[in-house]
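Given the structure is predicted, the values throughout are model-derived calculations rather than measurements.
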Amino acid sequence: MRIYNTLSRSVKEFKPISEGQVYMYTCGPTVYDYMHIGNLRTFTLSDLLFRALSIKYNVKSIQNITDIDDKIIKRAEEAGQEVAEVAKEFTQYFLEDVNKLNIAWKMGEQPKVSDYIEQISEYVSDLINKGYAYSEPDGSVYFDISKFKDYGKLSRISASSLKTGTRVLSDNYSKEDVQDFALWKAVPQGEKGSFYSKRLGWGRPGWHIECSVMSQSTLGNRIDIHAGGIDLIFPHHENEIAQSESKTGEKPFVNYWVHGAHLLVNGEKMSKSLGNFYKLREITGKGIDPLALRYLYLQTHYRQEMNFTWEALEGAQNALNKLRREFASWEGERVGCAEFEQRFMDAVGDDLNMPKALSIVWELVKSDYPGSAKKQSLLKMDEVLGLNLTNYKEEEIEVPPEIQELAGKREVFRKSGNYEGADKVRAEIEEKGFMVEDSKDGIKIRKS
Ligand code: AMP
Ligand code: ZN
């Protein structure tokens, strides 16, 4: 498998640190609201990586839940709720969404920041002892970026933009904040979202430290893959590298950094702050299948920005329906088509080229191979695609007598060679919201 590594800015052959085993970490959701379908695009990328690697390796995958953050605290204050209540509610919604998208790694561990306060404070104290971090008189602790010589190696920010001696406390960063960042924020006892640590007193962790602590605690000091959206390269992942490599004596923290491009709406990044976002439940509320969204994601390479439109989503739904019907029409599963399987896996192994993999799926569908062979191969391919083809059951629909009559009339025309007449009746059926399909088992009527 070849994969693009943001650290080297090149596509490289993937080699795990330990033979046969992959350790991967994905930055998870901040649970203060519903996920939007941009977030879900990035989580689907991790799922595809997980599935593709699982064909060859044993993969241990972790995704954290950020359940302490300025935005969650703000929401809890506004709603008169506890921080933990808000976090619990939106974690639940997040899990429902990833379930609907058939995201496989959700079954792995999902550590929460609130469960890691002691490990975080121990880690922060160690960074102070090693001279990489300093405390302020109010009790807050900052990482001193001037002490880490490789600072900027992932995002390739220039050393001249470093604002030495200045600090940022907020969880919201801008690209200009190339400065010391908070590891521990001192807050008064009892304030919403505050924790007590015997080493650091009352406060709560900064945003970046949680991912260093949770990934290294659960997967080891050096891991194979770390994934997230492209906006996390700076400062989040840059700061994770600074923390983690300072902690372990400047040894490499992550071998492959994988970043997904954004989902856009009208050319702009889909984001909560711009208000231009859609939730999965808005999509399903319109009668669209969540897996149609998954299909839509597969149609664009993960390193390319993808503009969301309802028309494209509808197109994905139609294509998925067609694929499901083809799949359901094939009998049995026997020896698959090795050539197609190989080409499909080559596309997946080529930096997750899913648009190409999908085109190979359709070539297979249209090929002259027997249905049983196609079925066998598509079953294998679906282990990566995650479209859940086996479990799909078409809804039984009631066809009104009027439509059945028209379909019968069309058959008569067709059998007598009156194709013009047959086409006219077909158009009439379509006008009434139905469609007829000819298959080897006879005609089928569906809602259009
Ligand atoms: P957040 O909850 O904001 O930390 O975001 C969770 C994940 O979604 C991160 O990996 C972000 O990089 C990613 N993300 C945010 N907005 C988008 C978007 N419009 N398209 C794709 N991924 C996104
Ligand atoms: Zn993270």
State whether the number of non-hydrogen atoms from other residues, nucleotides or ligands found under 6.0 Å of Lys272 atom NZ is greater than 12. yes

Using modelled atom types only, decide if a donor and an acceptor are shared between the side chain of Gln110 and the backbone of Ile62 within a distance under 3.5 Å. no

Give me the atom names and distance for the closest heavy-atom approach of Leu387 to Leu291. O-CD1, 3.5 Å

Less than 4.5 Å apart, any side-chain heavy atom of Thr26 and any of Phe50? no

Side chains of Asn221 and Thr248: is there a donor and an acceptor less than 3.5 Å apart? no

From Glu238, His237, Gln243, residue fulfilling side-chain contact (heavy atoms from CB on, under 4.5 Å) relative to His208: Gln243

Do Met435 and Ile445 come close enough that some side-chain heavy atom pair is under 4.5 Å? no

May I ask you to decide whether Lys88 forms a salt bridge with Asp67, counting only side-chain N to carboxylate O separations under 4.0 Å? no

Is it true that, when you exclude Arg334 itself, more than 12 heavy atoms of the residues, nucleotides or ligands shown sit nearer than 6.0 Å to its CZ? no

Going through the checks in order, is the side chain to side chain contact (heavy atoms under 4.5 Å, CB included) test met by Ile55 and Met345? CA-CA 10 Å; Ile55 304 262; Met345 284 318 299; 4.2 Å; yes

Output yes when Asp126 and Lys247 qualify as a salt bridge under the 4.0 Å nitrogen-oxygen rule, no when they do not. yes

Can you check whether Gln21's main-chain N or O pairs, donor with acceptor, with Ser18's side chain at less than 3.5 Å? no

When you measure from the centre of the six-membered ring of Tyr4, is the NZ or CZ of Arg303 under 6.0 Å away and within 45° of the axis? yes

Return the orientation label for the Trp330 and Phe327 ring planes: parallel under 30°, perpendicular over 60°, tilted otherwise. perpendicular

Measure up the Phe94 and Phe43 rings against each other and bin them: parallel (under 30°), tilted (30 to 60°), perpendicular (over 60°). perpendicular

Asp289 and Lys100: side chain to side chain contact (heavy atoms under 4.5 Å, CB included), yes or no, with the steps? CA-CA 9 Å; Asp289 191 324; Lys100 286 186 189 144; over 6 Å; no

So does Asn266 have more than 12 non-hydrogen atoms from other groups sitting under 6.0 Å from CG? no

Which heavy atom of Val113 sits nearest a heavy atom of Pro205, and at what distance? CG1-CG, 4.0 Å

Show the numbers, then the answer: is there a side chain to side chain donor-acceptor pair (under 3.5 Å) between Thr30 and Asp69? CA-CA 7 Å; Thr30 306; Asp69 172 276; 4.7 Å; no

Has the side chain of Thr6 got a donor or acceptor atom that lies under 3.5 Å from a matching backbone atom of Trp257? yes

Ignoring hydrogens and angles, tell me if any N or O in the side chain of Asp382 forms a donor-acceptor pair with the backbone of Leu389 under 3.5 Å. yes

Please round to the nearest 0.5 Å and tell me the distance separating atom CE of Met35 and atom CG of Leu95. 10.5 Å

Is the number of heavy atoms from other residues, nucleotides or ligands under 6.0 Å of Glu82 CD greater than 12? no

Value rounded to 0.5 Å, distance of CD in Glu245 from OG in Ser212: 9.5 Å

What are the two closest non-hydrogen atoms of His36 and Ser271, and how far apart are they? NE2-CA, 3.8 Å

Salt bridge between Arg204 and Glu191, side-chain N to carboxylate O under 4.0 Å? no

How far apart are the C-alpha atoms of Lys269 and Glu305, what are their side-chain angles, what is the distance that settles it, and do they pass the salt bridge (charged side-chain N to carboxylate O under 4.0 Å, His left out) test? CA-CA 9 Å; Lys269 179 192 169 194; Glu305 288 181 336; over 6 Å; no

Count the heavy atoms of every other residue, nucleotide or ligand shown that sit under 6.0 Å from CD of Glu314, and state whether that count exceeds 12. no

Could you tell me if the side chain of Met354 sits less than 4.5 Å from the side chain of Gln299, heavy atoms only? no

Report the residue from Leu263, Leu313, Asp97 that forms a side-chain contact (heavy atoms from CB on, under 4.5 Å) with Ile37. Leu263

Quick one: closest heavy-atom pair of Ala347 and Ile360, and the distance? CB-CD1, 4.2 Å

Could you tell me whether the side chains of Asp231 and His262 share a donor-acceptor contact shorter than 3.5 Å? yes

If I take atom CD1 from residue Ile120 and atom CZ from residue Arg199, how far apart are they, to the nearest 0.5 angstrom? 12.0 Å

Given salt bridge (charged side-chain N to carboxylate O under 4.0 Å, His left out), test Glu96 with Arg281 step by step and report yes or no. CA-CA 10 Å; Glu96 282 170 22; Arg281 51 205 67 217; 3.5 Å; yes

Distance alone, cut at 3.5 Å: any donor-acceptor contact between the side chains of Glu341 and Ser377? yes

Between Lys60 and Thr218, is there a donor-acceptor pair closer than 3.5 Å when you use the side chain of the first and the backbone of the second? yes

Output yes when a side-chain donor or acceptor of Asn64 lies under 3.5 Å from a complementary backbone atom of Lys112, and no otherwise. no

Under 6.0 Å from the ring centre and within 45 degrees of the ring axis: does the NZ or CZ of Lys286 meet both conditions for the six-membered ring of Trp310? yes

Would you please test Phe148 and Glu250 for side chain to side chain contact (heavy atoms under 4.5 Å, CB included) and show each step? CA-CA 8 Å; Phe148 182 63; Glu250 312 216 349; 3.8 Å; yes

Criterion ring pair (Phe, Tyr, Trp, His ring centres under 6.0 Å) against Phe143, the qualifying member of Phe181, Tyr151, Tyr123: Phe181

For Thr300 and Tyr297, indicate whether the former's side chain and the latter's backbone hold a donor-acceptor pair under 3.5 Å. no

Asp150 and Lys153 ion-paired at < 4.0 Å: yes

Quick check against the 3.5 Å criterion: does Tyr302 have a side-chain atom that pairs as donor or acceptor with the backbone of Val258? no

Check the pair Asp33 / Lys279 against salt bridge (charged side-chain N to carboxylate O under 4.0 Å, His left out), numbers first and verdict last. CA-CA 10 Å; Asp33 204 342; Lys279 303 168 207 149; 5.8 Å; no

Answer with yes or no whether the side chains of Tyr32 and Asp70 bring together a donor and an acceptor at under 3.5 Å. no

Is a side-chain donor or acceptor of Lys192 paired with a backbone partner of Lys74 at a separation under 3.5 angstrom? no

Quick one: which residue pairs count as a ring-ring contact (aromatic ring centres under 6.0 Å, His included) with a foot in residues 71-91, not counting sequence neighbours? Tyr34-Phe90, Phe90-Tyr93

Flag for Thr66-Glu210: side-chain donor and acceptor within less than 3.5 Å: yes

Are the side chain of Asp224 and the backbone of Tyr23 linked by a donor-acceptor contact shorter than 3.5 Å? yes

For the residue pair Tyr57 and Phe14, categorise the inter-ring angle as parallel (less than 30°), tilted (30 to 60°) or perpendicular (more than 60°). perpendicular

Could you walk me through whether Ile241 and Val254 pass side chain to side chain contact (heavy atoms under 4.5 Å, CB included), step by step? CA-CA 8 Å; Ile241 294 177; Val254 170; over 6 Å; no

Does the side chain of Asn321 come under 3.5 Å of the side chain of Asn318 through a donor N or O and an acceptor N or O? no

Can a donor-acceptor pair be found between the side chains of Asn255 and Arg222 at a distance below 3.5 Å? yes

